[in-house]
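Fair warning: this is a prediction, and the values are worked out from it, not measured in the lab.
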Amino acid sequence: MIGRTLRQRYKIIDKLGSGGFAETYLAEDLDIPTNPKPKCVVKRLQPNERNRNIPTSDILRLFQKEGEILYQLSQSHNHIPKLYAYFEEKQEFYLVQEFIDGHDLLRDIAPSVLKSCDRTYSLLTAILATIVITAILTSLEHLP
């Protein structure tokens with residue numbers, strides 16, 4: 001995938017991770033007339049061995065539902081990456097999301113960081129919001 005350009009717009013530059021039903025990649029948005037190009041996250045639907053017993057139609061439905069919910073939630077919550085695109089190309093399905101640059105969460109939960117009550121509250125609030133969103137998206141896997 002690295003080096004590939006999707007929709008003549010999103011150039012894949014690095015792999016971020018994989019799991020469940022998808023792989024995620026860091027990409028550049030070639031349509032934006034600035035240098036350096038702004039980055040975004042491309043999520044490619046990629047069923048694996050663990051979920052091979054789930055019908056493809058169900059996986060596609062869940063992926064589309066994830067896109068719909070992500071779009072709705074990202075419009076009103078600034079801690080959720082914005083959804084830029086949902087599309088099919090060469091029989092593969094993709095979501096393109098806002099890239100939020102950051103660092104590993106483990107750095108934030110070092111004991112010295114948690115000494116401040118305000119910092120601890122902010123960190124736990126952000127983590128809880130992420131957990132709630134993850135729970136909502138995960139629960140979609142069990143919808144009929």
Side-chain angles (χ1 to χ4, degrees), residues 1-110 113-114 116 118-144:
M1 279 289 294
I2 296 174
R4 186 170 163 193
T5 300
L6 303 171
R7 277 195 154 176
Q8 300 179 357
R9 179 172 183 174
Y10 304 108
K11 182 177 181 183
I12 307 297
I13 57 174
D14 198 10
K15 184 172 183 176
L16 297 174
S18 64
F21 294 105
E23 296 176 333
T24 54
Y25 296 91
L26 185 62
E28 294 176 327
D29 187 340
L30 302 177
D31 275 3
I32 306 299
T34 63
N35 278 317
K37 296 295 185 190
K39 294 184 176 37
C40 55
V41 174
V42 173
K43 185 173 186 178
R44 176 175 72 155
L45 179 62
Q46 188 67 38
N48 60 32
E49 287 295 313
R50 192 177 65 173
N51 48 46
R52 69 176 172 209
N53 294 329
I54 301 171
T56 303
S57 61
D58 287 350
I59 293 172
L60 292 175
R61 182 179 51 77
L62 292 171
F63 195 67
Q64 182 175 11
K65 193 70 167 170
E66 178 183 350
E68 291 171 12
I69 290 174
L70 179 61
Y71 178 77
Q72 292 168 359
L73 292 173
S74 69
Q75 298 306 301
S76 56
H77 299 289
N78 63 356
H79 288 93
I80 299 172
K82 302 276 187 246
L83 178 66
Y84 295 148
Y86 174 91
F87 61 94
E88 177 184 357
E89 183 173 287
K90 298 181 181 175
Q91 298 180 331
E92 293 186 304
F93 291 83
Y94 299 91
L95 291 172
V96 181
Q97 300 172 255
E98 174 184 17
F99 172 68
I100 300 175
D101 198 10
H103 56 271
D104 192 315
L105 182 60
L106 291 176
R107 189 173 96 186
D108 277 347
I109 59 175
V113 172
L114 296 180
S116 158
D118 288 339
R119 179 68 182 130
T120 302
Y121 178 79
S122 294
L123 178 64
L124 291 177
T125 301
I127 291 171
L128 181 57
T130 303
I131 290 170
V132 168
I133 299 309
T134 302
I136 290 169
L137 293 175
T138 301
S139 69
L140 292 175
E141 295 178 10
H142 304 291
L143 291 177

>> A quick test of your reading: do over 12 heavy atoms of other residues, nucleotides or ligands sit less than 6.0 Å from NZ of Lys82?
In response: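 Correct, the count exceeds 12.
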> Got more than 12 heavy atoms from elsewhere within 6.0 Å of CD, Gln8?
Replying inline: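 Result for CD/Gln8: open.
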Nearest-0.5 Å distance, [atom1] of residue [X] to [atom2] of residue [Y]:
X	Y	atom1	atom2	result
Gln64	Leu45	CD	CG	11.5 Å
Met1	Tyr25	CE	OH	5.0 Å
Lys39	Ile32	NZ	CD1	13.5 Å
Lys43	Leu70	NZ	CG	8.0 Å
Ile12	Glu28	CD1	CD	10.0 Å
Phe63	Arg44	CZ	CZ	10.5 Å

Would you name the heavy atoms of [X] and [Y] that are closest together and state the gap between them?
X	Y	result
Pro81	Ser74	O-CB, 3.2 Å
Leu30	Lys11	CD1-CB, 4.0 Å
Val42	Ala27	CG2-CB, 3.7 Å
Ile2	Ile13	CG2-O, 3.8 Å
Leu83	Val96	CD1-O, 3.4 Å

> For Asp31 and Arg9, what are the C-alpha separation, side-chain angles and deciding distance, and is it a salt bridge (charged side-chain N to carboxylate O under 4.0 Å, His left out)?
Replying inline: CA-CA 6 Å; Asp31 275 3; Arg9 179 172 183 174; 3.5 Å; yes
> Where do Leu26 and Phe99 land on the side chain to side chain contact (heavy atoms under 4.5 Å, CB included) test, with the steps shown first?
Replying inline: CA-CA 8 Å; Leu26 185 62; Phe99 172 68; 3.6 Å; yes
>> Show, in sequence, the C-alpha distance, side-chain angles and deciding distance for Glu23 and Lys15, and conclude whether the salt bridge (charged side-chain N to carboxylate O under 4.0 Å, His left out) test is met.
In response: CA-CA 8 Å; Glu23 296 176 333; Lys15 184 172 183 176; 3.6 Å; yes
> Is there side-chain contact between Val41 and Glu98, with at least one heavy-atom pair below 4.5 Å?
Replying inline: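 Val41 does not reach Glu98 side chain to side chain.
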> In chain order, what residues pass the ring-ring contact (aromatic ring centres under 6.0 Å, His included) check against Tyr71, with sequence neighbours excluded?
Replying inline: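 Checked Tyr71 against ring-ring contact (aromatic ring centres under 6.0 Å, His included); zero matches.
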> Which residues pass the ring-ring contact (aromatic ring centres under 6.0 Å, His included) test with Tyr94, sequence neighbours left out?
Replying inline: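 Tyr94 satisfies ring-ring contact (aromatic ring centres under 6.0 Å, His included) with Phe87 only.
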>> Strictly below 4.0 Å, N to O, side chains only: are Arg4 and Glu92 in salt-bridge contact?
In response: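 Judged by the 4.0 Å cut-off on N to carboxylate O distance, Arg4 and Glu92 do form a salt bridge.
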> Does the Gln97 side chain pair with the main chain of Cys40, one donor and one acceptor, at a distance under 3.5 Å?
Replying inline: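 No.
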